[in-house]
Amino acid sequence: MLARIYRPAKTAMQSGKANTRHWRLEFEPATARTIDPLMGWTSSADMNGQVRLDFDSREEAVAYAERYGIAFRLHEAQEAPVILKAYADNFATSRKVPWTH
């Protein structure tokens, strides 16, 4: 039973960074999913795949996994570069390509 500890990325539908400040502990699938021959639905007998635990910090998530003897893999968070933009930059005189209609 191996778990992943990571910080989730923001979804494509967000412009802000909501729900990206916490750390998540998720179990990796122990068995492959199977396809139901009649309906075509996918299913799994692995119930740990439904468990997602959120923590305020990386240290809390690691401490939880160690306390309960859960083997884990830690994925460090990658910070996105901050690019400061302003609407007024579209009309600056120092643009490489002048703005026209």
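When reading the values below, keep in mind they use all heavy atoms of this one structure, side chains included, and skip hydrogens, waters and symmetry mates. Throughout, numbering of the chain's residues begins at 1 and tracks the sequence.
- Note on residues 47-82: pairs passing ring-ring contact (aromatic ring centres under 6.0 Å, His included), not counting sequence neighbours, are Phe55-Tyr64, Tyr64-Tyr68.
- Partners of Arg58 under the side-chain contact (heavy atoms from CB on, under 4.5 Å) rule, at least two apart in sequence or in another chain, are Trp23, Val62, Leu74, Glu76.
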Practice prompt. Starting from the C-alpha separation in whole Å, work towards a yes-or-no answer on side-chain contact (heavy atoms from CB on, under 4.5 Å) for Arg73 and Leu2.
Written response: CA-CA 7 Å; Arg73 187 175 354 177; Leu2 184 66; 3.1 Å; yes

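- Under the 4.0 Å criterion applied to side-chain N and carboxylate O atoms, Glu79 and Arg7 are assigned as salt-bridge partners.
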Without placing hydrogens or testing angles, list every side-chain donor-acceptor pair under 3.5 Å for residues 44-54, not counting sequence neighbours.
{"from": "Ser44", "atom 1": "OG", "to": "Asp46", "atom 2": "N", "distance (Å)": "3.1"}
{"from": "Asp46", "atom 1": "OD1", "to": "Asn48", "atom 2": "N", "distance (Å)": "3.4"}
{"from": "Asp46", "atom 1": "OD2", "to": "Ala30", "atom 2": "N", "distance (Å)": "3.1"}
{"from": "Arg52", "atom 1": "NE", "to": "Glu26", "atom 2": "OE2", "distance (Å)": "2.6"}
{"from": "Asp54", "atom 1": "OD1", "to": "Arg24", "atom 2": "NE", "distance (Å)": "3.1"}

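- In this structure, His22 NE2 and Thr20 OG1 are separated by 8.0 Å, a value rounded to the nearest 0.5 Å.
- Interatomic distance, Glu60 CD to Leu25 CG, rounded to the nearest 0.5 Å: 12.5 Å.
- Here OG1 of Thr42 is found 10.0 Å from CG of Asp36. Values are rounded to the nearest 0.5 Å.
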